[in-house]
Chemist: 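Can you read through this structure? Questions will come right after.
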2 protein chains.
Amino acid sequence: MNSSHFSISLHILTLLDKVNGQLLNSEYIAGSINCNPVLVRKELANLHKHGFVQSKEGKGGGSTLAKRPADINLGEVYKAVKQKGLLGESKNEPNPDCPVGKQITQQLNKLYSDAENALIKDLSLKTLKDFSLGFD
Amino acid sequence: MNSSHFSISLHILTLLDKVNGQLLNSEYIAGSINCNPVLVRKELANLHKHGFVQSKEGKGGGSTLAKRPADINLGEVYKAVKQKGLLGESKNEPNPDCPVGKQITQQLNKLYSDAENALIKDLSLKTLKDFSLGFD
DNA sequence: TTGTTCTGTAATAATAAAAGTTACAGTATG
DNA sequence: CATACTGTAACTTTTATTATTACAGAACAA
């Protein structure tokens, strides 16, 4: 993941929470986010794959939450949405002839994975319901 | 910050630790990282600004640590290196006419800042010395 | 059963961000 | 004064992200 995926997913989930089971279509959602509907549909496809939303195709179709907001944990959402590591994960290949270069990638990955777990643990303390209640 | 800044900075700091006070020039460092020397110099400029390294200009010049490795905390390095928020911080402007769009940026920033603090707290448990000792 | 309005997905184009490159003034050294 | 660095800026190339277009297939409603 990077920047926007998590933001967009949370925006979508919040909207779906707020309308209480009503189906929202991708164009409406995109209007709230101010982005392209296809981007929303891709994000919805991922949320669907991970069981957070349900979609209905065809006329009058749209998406709705597949779980109760109190059962949607933000740490889980993060993990579902994440595509690459938060830190690092570059295609850079350090010099294998240098003792530091040879091991740095592995060492950094370990460090990053610990740090990211701390972040996920923090996110896991909150549910969509909590997040959504923060809005007026 | 994003992806590489932290990785490059840590790579630099680790190299400087390993050579024990010896001056390393940007070309040598770039050779270990396998990137452009100018990129290294930019990263060094930032590390210098935050007091982690010292540089010497001119012939025979280069950089060295400005503190003992045990006094360089990875959480501090992270904060020094970070340029943008870890999550979010996009230029996207949600629809202000939508109740969710109107407040989402603020709500997300709050969430992200909490999560990032958890990550920093985790990184702060480690020093450059600890990190460096992880190498053979 | 046909027109309409959606989803889902792929292919492509436009835009933005990151990294690399070149260039050069200024500084230390011998 | 020649050499080898740093520090920085300007510019180019590459890569990643976002937007756009397009269309098959699903659901619905007349």
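Here the structure is a predicted model, which is why all the values come from computation and not from measurement.
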Chemist: Which residue lies toward the 5' end of DNA chain C, A:Lys42 or A:Lys59, if each is placed at its nearest nucleotide?
Modeler: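 It is A:Lys59 whose nearest nucleotide is closer to the 5' end.
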Chemist: What parts of residues 15-34 of chain A reach DNA chain C, counting only heavy atoms under 4.0 Å away?
Modeler: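 Heavy-atom contacts with DNA chain C come from A:Asn25, A:Ser26.
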Chemist: OP1 or OP2 of C:dT29 less than 4.0 angstrom from a side-chain nitrogen or oxygen of B:Lys56, does that happen here?
Modeler: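 Looking at the OP1 and OP2 atoms of C:dT29, one of them is under 4.0 Å from a side-chain N or O of B:Lys56.
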Chemist: Starting at CD of B:Gln54 and ending at C1' of D:dC5, how long is that distance when rounded to a whole Å?
Modeler: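 For the pair B:Gln54 CD and D:dC5 C1', the rounded distance is 17 Å.
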Chemist: Whole angstroms only, please: what is the NZ-C1' distance between B:Lys49 and D:dT6?
Modeler: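 Nearest whole value for this atom pair: 17 Å.
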Chemist: Let me know the distance between CG of B:Leu44 and P of D:dT8, rounded to the nearest Å.
Modeler: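 About 11 Å, once rounded to whole Å.
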Chemist: For the pair made of CD in A:Glu43 and P in C:dT7, what is the distance, rounded to whole Å?
Modeler: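 It works out to 15 Å between those atoms.
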Chemist: So does A:Ser4 get a side-chain nitrogen or oxygen closer than 4.0 Å to the phosphate oxygens (OP1/OP2) of D:dT18?
Modeler: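 For A:Ser4, the contact criterion (side-chain N or O under 4.0 Å from OP1 or OP2 of D:dT18) is met.
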Chemist: Any idea which heavy atoms bring A:Ser55 and A:His48 closest together, and the distance?
Modeler: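 Minimum heavy-atom separation between A:Ser55 and A:His48: N-CD2, 4.4 Å.
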Chemist: A:Arg41 has a side chain; which of D:dA22, D:dT6, D:dG25 sits nearest to it?
Modeler: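 Comparing D:dA22, D:dT6, D:dG25 against the side chain of A:Arg41, the answer is D:dA22.
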Chemist: Quick one: B:Asn46 CG to D:dG7 P, roughly how many Å, whole number?
Modeler: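 About 12 Å, once rounded to whole Å.
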Chemist: What heavy-atom pair brings A:Thr127 and A:Ala70 nearest, and what distance separates the two atoms?
Modeler: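 Taking every non-hydrogen atom into account, CG2-O, 3.4 Å.
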Chemist: When you match B:Gly60 and B:Asn92 each to their closest nucleotide on DNA chain D, which lands nearer the 5' end?
Modeler: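 Its nearest nucleotide being more 5', the pick is B:Gly60.
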Chemist: Choose from C:dT21, D:dA19, C:dT7 the nucleotide whose nearest atom is closest to any side-chain atom of B:Val38.
Modeler: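 Of all the options, the side chain of B:Val38 is nearest to C:dT21.
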Chemist: Which is more 5' along DNA chain D, the nucleotide nearest A:Glu57 or the one nearest A:Pro37? Just name the residue.
Modeler: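 Going by which nucleotide is closer to the 5' end, it is A:Pro37.
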Chemist: Look at B:Asn36 and C:dA19 and indicate whether a side-chain polar atom (N or O) is within less than 4.0 Å of OP1 or OP2.
Modeler: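 False: B:Asn36 side-chain N/O out of range (4.0 Å or more) of C:dA19 OP1/OP2.
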